[in-house]
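One structure below.
Predicted model, so just to flag it, every value in this text is computed and none were measured. Note: hydrogens, waters and symmetry copies are ignored here, and every other heavy atom, side chains too, is used. Positions are given from 1 along the sequence.
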Amino acid sequence: MSFALDGICRFEQAIKKSRFRATAGPVDDEPGARVFFDTHADPSANHNCWAFRIGQTYRFSDDGEPGGTAGKPILQAIDGLALDGVAVLVTRWFGGVLLGSGGLIRAYGGTAAACLRAGPKSERVAMVQARIVCTFSDLALVKARLAATGAVRIDGESFGGDGGEIAVSLPEARAETVLGLVADLTSGRAR
């Protein structure tokens with residue numbers, strides 16, 4: 001199970017005189033993440049570190065901080081909250097006190113995690129598309145039962161000489177059960 005951010009969220013804190021500001025938001029693809037970072041980065045800051053995850057694709061940047069002390073902790077904050085399709089930018093204005101590697105990891109990861117925890121989230125349900133072909137005599141019953149499940153969305157339908165074809169979207173986790181229901185309803189006549 002994964003979650004998605006429903007909008008842009010921000011969180012800011014001061015740690016040993018350095019100011020950290022996290023900005024997080026939903027993204028659909030890598031170019032969208034790059035645009036998000038370009039839009040929200042502050043050129044007057046010392047560092048604009050970021051990470052994103054979209055499915056199995058992820059990237060992160062330390063933007064001049066010691067390797068592994070900024071981007072990777074931000075990505076770990078994303079993964080720790082089981083988020084997908086999200087980009088997080090943490091901007092740092094240096095306050096004159098060195099934090100050390102451990103301090104930077106905690107500061108970047110903690111700022112990102114606090115931002116993500118506060119943001120509005122919704123569960124992401126993996127959907128699959130299917131086409132159901134059945135006779136006219138079965139069509140009304142199949143459509144009614146699919147609608148009654150509450151989990152199936154009918155995307156469209158078309159008709160031929162022998163029957164109809166229904167295009168549906170359904171949760172991946174329930175696909176086998178729903179398609180089994182259709183087979184049972186039609187005594188195996190539907191494909």
Non-hydrogen atoms of [X] and [Y] that approach each other most closely:
| X | Y | value |
| --- | --- | --- |
| Ala51 | Ile78 | O-CD1, 3.8 Å |
| Ala112 | Ile74 | CB-CG2, 4.0 Å |
| Leu185 | Val142 | CD1-CA, 4.4 Å |
| Ala113 | Ala77 | N-CB, 3.8 Å |
| Asp62 | Ala70 | OD1-N, 3.2 Å |
| Ala107 | Phe20 | CB-CZ, 3.6 Å |

Query raised in the report: Have Asp138 and Thr186 got a donor and an acceptor in their side chains that come within less than 3.5 Å?
Result: no

Requested in this report: Classify the side-chain pair Thr57/Glu30 by whether it contains a donor and acceptor separated by less than 3.5 Å.
Outcome: no

Roughly how far, to the nearest 0.5 Å, is [atom2] of [Y] from [atom1] of [X]?
| X | Y | atom1 | atom2 | result |
| --- | --- | --- | --- | --- |
| Arg191 | Cys134 | CZ | SG | 10.0 Å |
| Arg10 | Arg21 | CZ | CZ | 7.5 Å |
| Leu139 | Glu157 | CG | CD | 6.0 Å |
| Ser137 | Arg189 | OG | CZ | 5.5 Å |
| Thr23 | Ile8 | OG1 | CD1 | 8.0 Å |
| Leu99 | Ser18 | CG | OG | 5.0 Å |

Heavy-atom distance under 4.5 Å between the side chains of [X] and [Y], does that happen here?
| X | Y | value |
| --- | --- | --- |
| Lys121 | Leu83 | yes |
| Tyr108 | Arg92 | yes |
| Ile132 | Val168 | yes |
| Val86 | Val27 | no |

Query raised in the report: How about Arg106: does its CZ atom have over 12 heavy atoms from other parts shown lying under 6.0 Å from it?
Result: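 Counting neighbours around CZ of Arg106, 12 or fewer heavy atoms of other residues, nucleotides or ligands fall under 6.0 Å, so no.
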
Common cluster, [X]/[Y], ILVMFWY with side-chain heavy-atom separation under 4.5 Å:
| X | Y | value |
| --- | --- | --- |
| Leu146 | Phe159 | yes |
| Trp93 | Ile15 | no |
| Phe136 | Leu141 | no |
| Val182 | Leu170 | yes |
| Tyr58 | Ile54 | no |

Requested in this report: Any pair with a residue in residues 42-56 that passes side chain to side chain donor-acceptor pair (under 3.5 Å), sequence neighbours left out, goes on the list, sorted by first then second residue, please.
Outcome: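 Side chain to side chain donor-acceptor pair (under 3.5 Å) check on residues 42-56 returns Asp42-Ser44, Asn48-Thr91, Arg53-Asp79.
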
Requested in this report: Any chance you could lay out the side-chain contact (heavy atoms from CB on, under 4.5 Å) test for Ile166 and Lys143, step after step, and finish with the verdict?
Outcome: CA-CA 8 Å; Ile166 308 166; Lys143 283 177 54 178; 3.5 Å; yes

Requested in this report: Start with the C-alpha gap between Phe37 and Phe52, add the side-chain angles, then the distance that decides, and say whether side-chain contact (heavy atoms from CB on, under 4.5 Å) holds.
Outcome: CA-CA 10 Å; Phe37 299 135; Phe52 72 84; 3.9 Å; yes

Report task. For Arg117, enumerate each residue passing the side chain to side chain donor-acceptor pair (under 3.5 Å) test, keeping only those at least two apart in sequence or located in another chain. Result ->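 Arg117 satisfies side chain to side chain donor-acceptor pair (under 3.5 Å) with no other residue.
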
Query - Sidechain-backbone polar pair: Asp84 side chain, Phe3 backbone, donor-acceptor under 3.5 Å - result: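 No; zero donor-acceptor contacts below 3.5 Å.
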
**Report entry** Contacts of type side chain to side chain contact (heavy atoms under 4.5 Å, CB included), residue Thr69, not counting sequence neighbours
**Finding:** Glu65, Pro66, Ser101, Leu104, Ile105

